[in-house]
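For reference, the structure discussed in these notes is given below.
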Protein chains: 2
Amino acid sequence: MENPRENPLPLPTIRRYPIFLRAIGEMMDAGEAFISSSVLAERLGLDPVLTRKDLAMAGVPGRPRRGYPAEELRAAINRALGWDSATDAVLVGTGSLGSALLGYAGFKEQNLSIVAAFDANPRLAGSTVHGVKVRPLAEMARLVRRLKVHLAILTVPTAAAQACAETLVEAGVRGILNFSSAQLSVPEGVIVQNVDLAQPLAVLSHAIARMES
Amino acid sequence: MENPRENPLPLPTIRRYPIFLRAIGEMMDAGEAFISSSVLAERLGLDPVLTRKDLAMAGVPGRPRRGYPAEELRAAINRALGWDSATDAVLVGTGSLGSALLGYAGFKEQNLSIVAAFDANPRLAGSTVHGVKVRPLAEMARLVRRLKVHLAILTVPTAAAQACAETLVEAGVRGILNFSSAQLSVPEGVIVQNVDLAQPLAVLSHAIARMES
DNA sequence: TCGTTATCGGTATTCAAGTAGCGATATGAA
DNA sequence: TTCATATCGCTACTTGAATACCGATAACGA
């Protein structure tokens with residue numbers, strides 16, 4: 001099925017796809033034309049069966065004793081993630097984390113280009129961070145609307161997050177990657193994905209605490 | 001049961017705990033002495049029953065029509081996460097992401113203090129980032145051993161990650177928060193928690209792609 | 001004092017994801 | 001040409017977490 005709506009991918013599968021894409025890219029660079037689930041799994045330390053099921057979800061048929069055609073597989077996964085066509089995004093909040101994300105190379109791999117950055121601090125406006133010009137927050141609504149940007153990366157302090165989100169949604173943003181710890185409330189049809197750096201730390205320190213007990 | 005080994009907390013619960021801690025802290029600042037699961041759930045946009053089950057796992061008994069005693073609850077959750085006593089960590093790789101993490105306030109909330117930072121680039125050595133002095137990589141093994149640090153945050157380029165990990169483990173590190181996209185291989189007893197910024201972006205863009213299809 | 005009710009805490013059910021088992025098939029070697 | 005085998009792809013089975021349900025209880029109001 002081509003229509004993603006009929007293809008409800010398991011959430012864990014979606015999370016593994018970016019990892020697969022990186023490995024597939026490296027294997028293609030090494031000259032491989034076919035990707036077998038066993039080799040890929042070995043490389044990533046995953047279960048081969050689980051890997052095969054994930055790859056099968058992309059809808060590209062594999063061949064016994066060869067694997068999946070690399071180029072088609074990569075294209076299918078990219079399509080499933082909506083990374084097949086270039087997507088524009090804006091970044092709001094050029095503090096230390098926001099600045100770091102402006103320089104994060106991974107976004108480019110995913111056909112995501114950050115076309116503008118904003119900050120509430122007027123002293124930062126006009127400066128350039130990793131090649132992106134920082135603009136005052138007041139220009140955000142107008143520019144987002146004009147550029148028809150649908151995706152925003154939110155790296156503002158928690159207290160400012162809800163107000164920013166509302167402005168962004170009002171200007172046409174459909175998806176927000178929220179790095180603040182605010183619980184954003186947005187209208188239906190807008191998707192918020194929270195990123196919380198404390199979560200992996202919690203998992204790690206709990207595991208260590210358990211081992212030492 | 002006090003012993004965490006007998007208390008295998010569900011992984012999703014552990015991930016929600018940091019969120020709960022923040023909210024509980026805010027409610028305590030507002031003068032609340034008791035935290036009810038329904039109020040907490042409302043505030044965080046979660047299911048009240050799910051929230052109550054999570055809180056129950058901490059082992060603190062609640063009271064009908066009141067809720068859980070705030071101070072005890074917070075202490076119990078912190079204990080479950082191993083955040084009850086201060087933990088030292090080192091950070092390796094002071095690129096843009098590493099620098100941002102040095103300034104991340106959330107770590108302090110979790111009793112985590114980054115006692116040293118290292119970078120392979122000798123030109124960076126000696127500089128100070130967010131109050132932490134950057135040292136050359138060559139000093140890492142010795143210092144980690146001397147300070148008896150058990151936790152490391154790894155923000156080096158993917159190509160350098162495995163070598164750094166090995167040095168750290170050799171020097172006594174038990175847990176690694178890995179921000180690189182390398183698949184680290186470490187000896188048994190060492191825990192690696194991977195953090196991949198591409199994953200939440202994948203979830204978000206897939207969701208948007210599905211809606212627009 | 002006594003009922004009402006918000007909240008806890010346990011049990012049961014459902015659902016999603018991971019795991020296991022197994023037949024089908026194309027490839028490569030004998 | 002024939003056979004051995006790596007790999008796919010399908011169908012259970014198991015596990016773990018979320019959801020639903022329901023009884024118990026302590027606080028509050030009448």
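Here is how names work: the chains are called A, B, and so on, in the same order as the sequence lines, proteins then strands, and each is numbered from 1.
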Roughly how many Å is it from [atom1] in [X] to [atom2] in [N], rounded to a whole number?
X: A/L9; N: C/dA17; atom1: CG; atom2: P; result: 10 Å
X: A/F34; N: C/dT27; atom1: CZ; atom2: C1'; result: 11 Å
X: A/L11; N: D/dA17; atom1: CG; atom2: P; result: 15 Å
X: B/I14; N: D/dG16; atom1: CD1; atom2: C1'; result: 13 Å
X: A/R15; N: C/dG18; atom1: CZ; atom2: P; result: 10 Å
X: B/R16; N: D/dG16; atom1: CZ; atom2: P; result: 16 Å
X: A/Y68; N: D/dA6; atom1: OH; atom2: C1'; result: 13 Å
X: A/D54; N: C/dA16; atom1: CG; atom2: P; result: 17 Å

Among [options], which nucleotide sits nearest the side chain of [X]?
X: A/P64; options: D/dA6, D/dA20, C/dG9; answer: D/dA6
X: A/P12; options: C/dG28, C/dT19, C/dA17; answer: C/dA17
X: B/R66; options: C/dT27, D/dA27, D/dT7; answer: D/dA27
X: B/K53; options: C/dA20, D/dT19, C/dC8; answer: D/dT19

Exercise for the section: Can you spot which of A/L81, A/I153, A/L112, A/T87 makes a side-chain contact (heavy atoms from CB on, under 4.5 Å) with B/L201? Expected result: A/L112
Handout entry: Single hit among A/L151, A/L101, A/L91 for side-chain contact (heavy atoms from CB on, under 4.5 Å) with A/I114
Key = A/L91
Handout entry: Flag for B/N178-B/N194: side-chain donor and acceptor within less than 3.5 Å
Key = yes
Handout entry: Residue pair A/T158, A/S181: steps toward the side-chain hydrogen bond (donor to acceptor under 3.5 Å, both in side chains) verdict
Key = CA-CA 6 Å; A/T158 299; A/S181 47; 3.0 Å; yes
Exercise for the section: Check every strand shown and say whether A/P61 touches a base, only sugar-phosphate, or nothing at a heavy-atom separation below 4.0 Å. Expected result: sugar-phosphate
Problem - Any donor-acceptor N/O pair, A/S180 side chain to A/P157 backbone, under 3.5 Å - result: no
Problem - Under-4.0 Å side-chain N/O to phosphate OP1/OP2 contact, A/S37 with D/dC8 - result: yes
Problem - Presence of A/R63 side-chain N/O under 4.0 Å of C/dT27 phosphate oxygens OP1/OP2 - result: yes
Exercise for the section: For A/D47 and for B/R52, find the nucleotide of DNA chain C with the closest heavy atom, then tell me which residue's nucleotide is more 5'. Expected result: B/R52
Exercise for the section: Decide yes or no, distance alone: a donor-acceptor N/O pair under 3.5 angstrom between the base of C/dT27 and the side-chain of A/R65. Expected result: yes
